[in-house]
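Order of the sequence lines fixes the chain letters, A, B, ..., with proteins taken first and strands second; residue numbering starts at 1 for each chain.
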Amino acid sequence: MIQAIRGTKDILPDTISHWYYVEETARKVSELFGYKEIRTPIFEKTEVFSRGVGEQTDIVNKEMYTFTDRGGDSITLRPEMTAALVRAVIQNSVVQQQVISRLWYFGPFFRYERPQKGRLRQFHQFGAECISSPYPESDAEIIHLAATFCKSLGIDDYQLIINTLGNENSRSEYRRILVDYLSANKSQLSAESKNRLEANPLRVLDSKDEQDREIISNAPNILDCLDEESHQHFQQVLGILDYLNIPYKINSRLVRGLDYYSHTVFELQHNSLGAQDSFGGGGRYNSLFSQLGGKDTPAVGFAMGVERLLLILESINKIPVPSILADYYIVFANSDYSNIAFKIAEKLRMRGKKTICDVQRRSMKAQMREAGKLNIPFVIIIAEEELKQNSVVLKNMSDGSQQIIEIDEL
RNA sequence: GCGGUCUUAGCUCAGUCGGUAGAGCACCAGAUUGUGGCUCUGGGUGUCACGGGUUCAAAUCCCGUAGAUCGCCCCA
């Protein structure tokens, strides 16, 4: 048997309604905030991500699906949206200077990782980006949008973890202090963290190694290293969240894995997910545009993992029942009547009624059984006796009542 | 990339000491010469994940591979 690629999943007809539900909610909520959808190619030149996401990140280092195409170019299946979106925005001059651009997206992404529950090699994300504002109002708007989306889906028992990395000055100042501290304790750090100390010292704060954590717990705090601008920015974001009654938890060790963040970073966590408890995250990325060759443009955004959202919705029983498959099922006693059945079906469909006819030449009983099993509210029965009067039987399946009705009056 | 557990019917699973498979649900047909649900009767629909080895004989023991899952790592 040929199997699907490891870490990929078929979305089968019995769960497709779950996806429609999440997608429709994403579209609806995005539109409520004035966001417009953007769709970009599934693959990009590799440099979009190596320059955008950051050479030292694990995503770029070991998780990308990269190949050389027949023309000799290095191509990568997108592992995330933000860098690709920024590339598209720069290329198409979507953003005019100082004109706000509110964009959302929904689609597949690819990372070569060890698959696990809630972690696939092809997975889907819903996300939104607010481009052109350096102000904390746009950070708050993005978080508000994410929170509203969760609320619309009925997810309310999640945690919003928030932190700030500060502006360039604060960040490099903090990095210097942190490297000093960690270097002093270098001998006790795990091998992993020693490497990170060179490549990306902030990430050491993420370590789950027990001894690392002890060292980290005494490490200098970024919140103490913020300059006035960075501090103000963060406080104003929190102020709006407070006013909106959006609960959050500050965690000064939250740094997130992508290189392009500055100022606000946040993560959404739900405890039903096990080891992969994060189902969404985002932050501000003021330097990404220039890194990808565009004009300096401030922006902030988030992404959510759709598969993880679905796991949460299942665990809290918030997946709505799908609508009925059809309004009418046309049963015919004899395959000679199939042309009449098709004609009636056409008429009903033209009126927007979902209609099914048997195509297996099965007995009336089997057809009725199927209509019952599918929960179809009305059955039209075509049979000899009524047909003499140019009529059919209309049966109400919920109470079993039936009436004879002329075909022309259907 | 590392470690643990697992893989038998469409689904959930049983299968003893090694003797080429079974239950419930689902599905199909009939009881019902023109009608679903309830009931009864009948039907097993299978590459025992895949490939090799041991054996007279393997779902069962051994090795390898693939996939799933849990943890590490990473992230959505």
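- With a 3.5 Å ceiling on both atom-pair distances, the Watson-Crick or G-U wobble partner of B:G67 is B:C6.
- Here the nucleotide nearest the side chain of A:Lys62, chosen from B:C28, B:C73, B:C75, is B:C73.
- Contacts of A:Arg6 with the nucleic acid, taken as non-hydrogen atoms under 4.0 Å apart, involve only primed sugar atoms and P, OP1 or OP2.
- In this structure, the side chain to side chain contact (heavy atoms under 4.5 Å, CB included) partners of A:Leu273, at least two apart in sequence or on a different chain, are A:His270, A:Phe279, A:Arg308, A:Leu311, A:Ile312.
- Residue A:Arg308 places a side-chain atom within donor-acceptor reach of the base of B:C75, judged by atom type and a 3.5 Å distance cut-off alone.
- Exactly one residue among A:Phe110, A:Tyr105, A:Trp19 makes a ring pair (Phe, Tyr, Trp, His ring centres under 6.0 Å) with A:His124. That residue is A:Trp19.
- For A:Gln3, the listed nucleotide lying nearest its side chain is B:A66; candidates were B:C72, B:G34, B:A66.
- Side-chain polar atoms of A:Ser138 and A:Arg284 form a donor-acceptor pair below 3.5 angstrom.
- Donor-acceptor pairing under 3.5 Å is recorded for the side chains of A:Asn167 and A:Ser170.
- Side-chain to base pairing of A:Lys395 with B:U35: one donor and one acceptor N or O lie within less than 3.5 Å of each other.
- For A:Arg111 and B:A76, a side-chain-to-base donor-acceptor distance below 3.5 Å is present, hydrogens and geometry of angles not being considered.
- Checking B:G1, B:G36, B:C70 against every side-chain atom of A:Met397, the shortest atom distance belongs to B:G36.
- Across all strands shown, A:Gly127 has no heavy atoms under 4.0 Å from either base or sugar-phosphate atoms.
- In this model, no side-chain donor or acceptor of A:Gln367 finds a partner on the base of B:U35 within 3.5 Å.
- For NZ of A:Lys318, the number of neighbouring non-hydrogen atoms (other residues, nucleotides, ligands) closer than 6.0 Å is greater than 12.
- When the side-chain nitrogen and oxygen atoms of A:Arg362 are compared with OP1 and OP2 of B:G30, none of them lie within a distance under 4.0 Å.
- Look at A:Phe279 and the base of B:A76; the rings do not stack under the cut-offs of 5.5 Å between centres and 30° between planes.
- A:Gly7 comes within contact range of the sugar-phosphate backbone alone, with a heavy-atom separation under 4.0 Å but no base atom that close.
- At the heavy-atom level, A:Ala371 lies nowhere under 4.0 Å from the strands shown.
- On a pure distance criterion of 3.5 Å, a polar donor-acceptor pair joins the side chain of A:Glu113 and the base of B:A76.
- Taking only side-chain atoms of A:Lys373, from C-beta outward, the nucleotide of B:A66, B:C28, B:G34 with the closest atom is B:C28.
- When distances run from any side-chain atom of A:Arg119 to the nucleotides B:U35, B:G1, B:A68, the shortest one goes to B:G1.
- Of the listed nucleotides (B:C75, B:C73, B:G3), B:G3 has the atom at the smallest distance from the side chain of A:Arg114.
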